[in-house]
2 protein chains.
Amino acid sequence: MVNVEQVLKDHQIRPTAIRLLMYRFLTESEVALTLNDIESGFDQSERTTLYRTIKTFEKKGLVHQIDDGTGVAKYALDRPVAGKQAEQDLHLHFHCTSCNETLCLTDHKIPHISLPKGFVTEDMNLVIKGVCEKCSGQ
Amino acid sequence: MVNVEQVLKDHQIRPTAIRLLMYRFLTESEVALTLNDIESGFDQSERTTLYRTIKTFEKKGLVHQIDDGTGVAKYALDRPVAGKQAEQDLHLHFHCTSCNETLCLTDHKIPHISLPKGFVTEDMNLVIKGVCEKCSGQ
DNA sequence: AAATAAATGCAATTTAAGTGCATTATTGTC
DNA sequence: GACAATAATGCACTTAAATTGCATTTATTT
Ligand SMILES: [Mn+2]
Ligand SMILES: [Mn+2]
Ligand SMILES: [Zn+2]
Ligand SMILES: [Zn+2]
């Protein structure tokens, strides 16, 4: 059990009611969520506030945005890897074309790619599309 | 010099004036183009037609869409690889955060990734963000 | 408590993507 | 070539996500 309030404070985010609720909501989701998904999870509050909240989380390094090719942004918590520091980056994402869910495969890192001379890598984004284990029935 | 009309016919696309023009336009571009880019390249014709044209090209396997994370779709020609057949897929894309250009690195294939049991891969999309050789000055 | 700064709610804007439908052009049949 | 059938085009309109402006409310600082 983590102290959510403390997590937000540690990221220089003031722990308002909605922020605490959204953080918990994100924690409980196994899959990446669109803003609509998040909105559906809240009776109270309003789209703009939720939008600005998720953007604050993103800027402060609490969540990362995932572009899975569906055209709508999804968000997932930066779940800290035990033992590692700031190394939760560059994992790959899987998008199921059957159930439309997208998830982080946090322990599948993107392999190193060597580029032609002159190209400088700053970030990488690898999305695999296919059928997830729930949908493939395997 | 390829016969553009024949290329279209070979892909079951009727070679209308606009289609011929757009194909040539795509051929001449080193980088992936948004619909706006394409529109800017044509005095005549109209956005919807260009949209439907690029979608026809995509469906018939003449171009592929690239989602580079900027939120707007880009398109690039499926340039046939000499000797290979249908194997022009799964190359990676580079998006320059400086000049905002996106390009196909057609001879950099996406490495094979082994997924957890139950996951079935259908397609992969790898975008590397950074600074291109033009912008890095290297 | 008053002043200051930040967060929220609601309305409105922006922009890319996509659809409906009438018009025009092309193709196949006689 | 005339005619019918089919496909392509142009224009208006819609949809949906993302984003901003601004007034109001809430929290923080002095
Ligand atoms: Mn992730
Ligand atoms: Mn490409
Ligand atoms: Zn699935
Ligand atoms: Zn560049």
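What you are looking at is a predicted structure, and each value in this text was computed from that prediction instead of being measured. Throughout, protein chains are lettered first and strands after them, A, B, ... in sequence-line order, and every chain is numbered starting at 1. Worth knowing before you read on, the calculation uses all heavy atoms, side chains too, and leaves out hydrogens, waters and symmetry mates.
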Close residues, residues 13-47 of chain A, relative to DNA chain C [heavy-atom separation under 4.0 Å] = A:Arg14, A:Thr16, A:Ile18, A:Arg19, A:Ser45, A:Glu46
Mind calculating the distance between [atom1] ([X]) and [atom2] ([N]) to the nearest angstrom?
X: A:Leu50; N: D:dA17; atom1: CG; atom2: P; result: 14 Å
X: A:Asp67; N: C:dA16; atom1: CG; atom2: C1'; result: 14 Å
X: B:Gln65; N: C:dA16; atom1: CD; atom2: P; result: 14 Å
X: A:Glu5; N: D:dA27; atom1: CD; atom2: C1'; result: 13 Å
X: B:Glu58; N: C:dG18; atom1: CD; atom2: P; result: 9 Å
X: A:Lys55; N: C:dT8; atom1: NZ; atom2: P; result: 17 Å
X: A:Lys74; N: D:dA18; atom1: NZ; atom2: P; result: 11 Å

Under 3.5 Å donor-acceptor pair, B:Arg52 side-chain atoms to C:dG18 base atoms = no
Closest contact, heavy atoms only, B:Leu26 versus B:Leu33 | CD2-CD1, 4.0 Å
Evaluate the side-chain proximity of B:Cys135 to A:Val120: yes if any heavy-atom separation is below 4.5 Å, no if none is.
-> no
With no hydrogens and no angle check, is any side-chain donor or acceptor of [X] less than 3.5 Å from a backbone partner on [Y]?
X: A:Arg19; Y: A:Thr53; result: no
X: A:Lys129; Y: A:Asp68; result: yes
X: B:Thr97; Y: B:Gly130; result: yes

Look at the side-chain N and O atoms of A:Tyr51 and state whether any lies under 4.0 Å from the OP1 or OP2 oxygen of D:dT19.
-> yes
Just to confirm, is there a sub-4.0 Å distance from OP1 or OP2 of C:dG9 to any side-chain nitrogen or oxygen of A:Thr48?
-> no
Tell me, please, which residues at least two apart from B:Ser136 pass side-chain hydrogen bond (donor to acceptor under 3.5 Å, both in side chains).
-> none
